[in-house]
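Inspection log for the structure reproduced underneath, given as C-alpha cells.
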Amino acid sequence: MLTCCKWTKSFKVLPALLRFKTKVLNLVPCLLWIKFCGGLICWRLCLCLTGFTLFLGFLIDRVHHYLQKLQTLRSSTGALKDEIRKLEEERARHKTEEDKSSKQVKVLEKQVSALTAKLKKLELESAEKDEKIKTAEVHVASLQKQAADLLLEYDRLLEDNQLLQNQGCQG
C-alpha cells in the first residue's frame with residue numbers, strides 16, 4: 001500500500017483511494033491491449049474507459065494532494081493554538097502584574113497625599129514658630145534695652161548715693 005504521510009492511518013478514505021488508484025492504473029495497459037487486440041469491446045468504449053480511468057487517476061491525485069494540505073493545515077493550526085495559548089497566558093500574567101502595580105500606585109499616591117498634608121501642617125507650624133521667634137526676639141531686644149536703661153539708672157543712683165554719703169560724712 002502506498003503511504004503519503006504519517007497521518008494516512010487517520011484518514012480512512014485515503015488508503016482505499018490509493019488502492020483504487022493503483023488498480024485503475026493497472027487497468028490502463030489491459031484496456032490498451034483490448035484496443036489493439038480487437039476484442040469484443042469497440043475502440044470507442046476503450047477510449048472512454050481509458051479517459052475515465054485517467055480522469056479518476058487525476059481525481060484521486062487531487063484528493064490525495066488536498067488531504068496532504070489538510071494535514072499540514074491541521075498541524076499548523078495545532079502550533080498556532082499553542083502559540084495563542086502561550087500569548088493568552090502571557091497576557092494574563094501581564095494583567096496580574098498591571099493590577100499589582102496599579103494597587104501599588106494607589107498605595108503610593110495615598111502615601112504621597114498623606115505626606116503632602118503632613119508637610120503643609122509642618123510648614124504652618126514652622127511659620128507659627130517663626131512668628132513666635134520674631135516676637136520673642138523683639139521682646140528680648142526691648143528687655144535688653146530696658147535692662148541697659150535700668151543699669152544706667154542704677155549706676156547713676158549709686159553715684160548719687162556715694163555723693164550723698166560723702167557729703168553726710170563731711171557735714
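- With respect to the salt-bridge test (charged N to carboxylate O, under 4.0 angstrom), the residues R93 and E89 do not qualify.
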Next item on the list: Take K103 and K100 through the test side chain to side chain contact (heavy atoms under 4.5 Å, CB included) and record every step on the way to the result.
Entry: CA-CA 5 Å; K103 288 177 183 177; K100 288 179 184 177; 5.8 Å; no
Next item on the list: List the steps, then state whether side chain to side chain contact (heavy atoms under 4.5 Å, CB included) holds for L157 with N161.
Entry: CA-CA 6 Å; L157 287 175; N161 187 20; over 6 Å; no
Less than 3.5 Å apart, which donor and acceptor atoms pair up between the side chains of residues 121-128 and the rest of the protein, not counting sequence neighbours?
none

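- Residue H94 qualifies as enclosed at atom NE2: its count of foreign heavy atoms under 6.0 Å is above 12.
- For the atom pair CG (D155) and CG (L150), the distance works out to 11.0 Å, reported to the nearest 0.5 Å.
- Residue-environment remark: CD (E83) stays at or below the threshold of 12 foreign heavy atoms within 6.0 Å.
- Residues T72 and Q68 are not in side-chain contact: their nearest non-hydrogen atoms beyond the backbone lie 4.5 Å or more apart.
- Across Q111, K110, E109, a single residue satisfies side-chain contact (heavy atoms from CB on, under 4.5 Å) together with V107, and that is Q111.
- Through direct or relayed side-chain contacts under 4.5 Å between Ile, Leu, Val, Met, Phe, Trp and Tyr, Y154 connects to L158.
- Other residues, nucleotides and ligands place no more than 12 heavy atoms under 6.0 Å from the CZ atom of R91.
- How far CG of L54 is from CG of L59: 12.5 Å, rounded to the nearest 0.5 Å.
- Looking at every heavy atom in both residues, T77 comes nearest to L73 through OG1-O, 2.5 Å.
- The shortest distance between side-chain heavy atoms of H65 and R62 falls below 4.5 Å.
- V63 is listed as a side-chain neighbour of L67, based on a closest heavy-atom distance under 4.5 Å.
- Electrostatic pairing of E153 and R156 counts as a salt bridge here, judged by a charged N lying under 4.0 Å from a carboxylate O.
- Between atom OG of residue S102 and atom NZ of residue K95 there is a gap of 8.5 Å, rounded to the nearest 0.5 Å.
- To the nearest 0.5 angstrom, K86 atom NZ is 15.5 Å from K81 atom NZ.
- Taken to the nearest 0.5 Å, the CZ atom of F55 stands 15.0 Å off from the OG1 atom of T50.
- Q165 places a side-chain heavy atom less than 4.5 Å from the side chain of Q162.
- Between atom NE2 of residue H139 and atom CD of residue Q144 there is a gap of 11.0 Å, rounded to the nearest 0.5 Å.
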